[in-house]
Amino acid sequence: KDGFTITLAGDNEVYYQLQKNIQKDALLFIVIGLLMIIISFYVMFKTWKGVVLPFTATLIGIIWTMGIIGYYGEPISMLSAMLPVVLVVSGSAYAIHVFHFLSEAADDIRSFRAAFRKILRRMFWPLLMSAATTFVGGITLLSFKLKMIQHFGVFTALGSIITFVVSIIVIPCLYKVLRRPIQRIEN
């Protein structure tokens with residue numbers, strides 16, 4: 001009225017604005033990240049199985065990790081909102097390796113069991129070391145004083161292990177189910 005403008009500022013206002021927009025931004029980044037992963041899976045594998053199997057494993061890993069956050073009643077903070085994107089990156093890497101080597105081994109070997117054993121011998125330890133490295137990196141964030149950073153580190157570490165385990169288990173299971181022709185069950 002008298003030429004004065006009142007502007008809210010300071011830490012409380014910044015925190016309020018960030019919290020207000022986090023869920024919308026997080027959803028947008030998750031959708032963009034997942035779409036980019038789907039496109040890259042298609043470019044790499046050029047089959048619908050090459051898209052669906054790694055994507056499913058990655059998505060399950062993200063859902064389980066975010067579910068654990070919700071189970072423990074942790075709020076979605078600025079950092080935990082980025083967690084699905086971080087898990088898309090690490091989880092899709094595990095899924096890509098498992099699918100690629102499984103499809104390669106399955107083409108060379110008639111028995112699915114033998115192909116699965118071959119990829120476990122070839123891929124398990126390198127993927128486990130990769131997941132363990134991410135796990136340790138996440139756990140080191142416990143050295144920070146901010147709870148938000150500590151929580152991000154713990155859930156990144158857990159998410160890394162979850163996406164690793166899901167990739168090792170889910171992709172071979174789905175691969176076998178989708179590879180086998182559907183048969184009628186007669187009583």
Side-chain angles (χ1 to χ4, degrees), residues 7-41 44 53-102 119-172:
T7 304
L8 297 174
D11 291 343
N12 289 338
E13 179 61 19
V14 169
Y15 183 76
Y16 170 76
Q17 292 297 328
L18 286 171
Q19 286 298 104
K20 189 173 91 172
N21 294 312
I22 270 178
Q23 290 179 347
K24 181 179 66 170
D25 291 346
L27 184 62
L28 176 68
F29 286 131
I30 291 167
V31 169
I32 289 171
L34 291 174
L35 285 174
M36 290 174 60
I37 290 298
I38 288 171
I39 291 167
S40 66
F41 286 164
M44 284 184 279
L53 273 60
F55 181 75
T56 301
T58 303
L59 196 57
I60 289 170
I62 292 169
I63 290 169
W64 283 5
T65 304
M66 297 308 284
I68 289 172
I69 292 173
Y71 179 78
Y72 285 106
E74 294 296 324
I76 301 297
S77 66
M78 291 177 285
L79 286 176
S80 62
M82 294 187 314
L83 190 58
V85 177
V86 170
L87 294 177
V88 163
V89 172
S90 65
S92 63
Y94 306 141
I96 287 168
H97 284 86
V98 171
F99 179 79
H100 172 71
F101 284 104
L102 180 62
I119 70 147
L120 279 181
R121 277 193 310 271
R122 188 170 179 191
M123 295 302 305
F124 183 80
W125 291 110
L127 288 178
L128 180 62
M129 286 188 286
S130 176
T133 302
T134 306
F135 179 85
V136 170
I139 292 300
T140 61
L141 294 178
L142 288 173
S143 64
F144 281 81
K145 300 275 188 251
L146 291 172
K147 289 282 185 210
M148 184 177 9
I149 295 174
Q150 291 175 346
H151 292 170
F152 177 75
V154 167
F155 292 119
T156 298
L158 286 175
S160 172
I161 298 301
I162 288 169
T163 53
F164 163 72
V165 170
V166 167
S167 293
I168 291 289
I169 294 171
V170 170
I171 292 175

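Because the structure is a prediction, the values reported are computed rather than measured.
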Any side-chain heavy-atom pair from [X] and [Y] closer than 4.5 angstrom?
X    : Y    : result
V86  : F152 : yes
L141 : T156 : no
V98  : M123 : no
I69  : L83  : yes

Measure up the H151 and F155 rings against each other and bin them: parallel (under 30°), tilted (30 to 60°), perpendicular (over 60°).
-> perpendicular
Heavy-atom pair with the smallest gap, counting every atom of [X] and [Y]:
X    : Y    : value
A131 : S160 : O-OG, 3.1 Å
A57  : A95  : CB-CB, 4.5 Å
S167 : G91  : OG-O, 3.9 Å
L87  : T58  : O-CG2, 4.2 Å
L127 : H97  : CD2-CB, 4.0 Å
L34  : I62  : CD2-CD1, 4.3 Å

Any salt bridge (Lys or Arg N to Asp or Glu O under 4.0 Å) pairs touching residues 119-142, not counting sequence neighbours?
-> E104-R122
Could you go through the side-chain contact (heavy atoms from CB on, under 4.5 Å) check for T134 and Y94 one step at a time?
-> CA-CA 12 Å; T134 306; Y94 306 141; 3.9 Å; yes
Exactly one candidate in L59, V88, V89, I96 meets side chain to side chain contact (heavy atoms under 4.5 Å, CB included) with I37; the answer is V88
Only one of I169, T163, I168, I162 passes side chain to side chain contact (heavy atoms under 4.5 Å, CB included) with V166, and that residue is I162
Just jot down the side-chain hydrogen bond (donor to acceptor under 3.5 Å, both in side chains) partners of S92, sequence neighbours excluded, or say none.
-> none
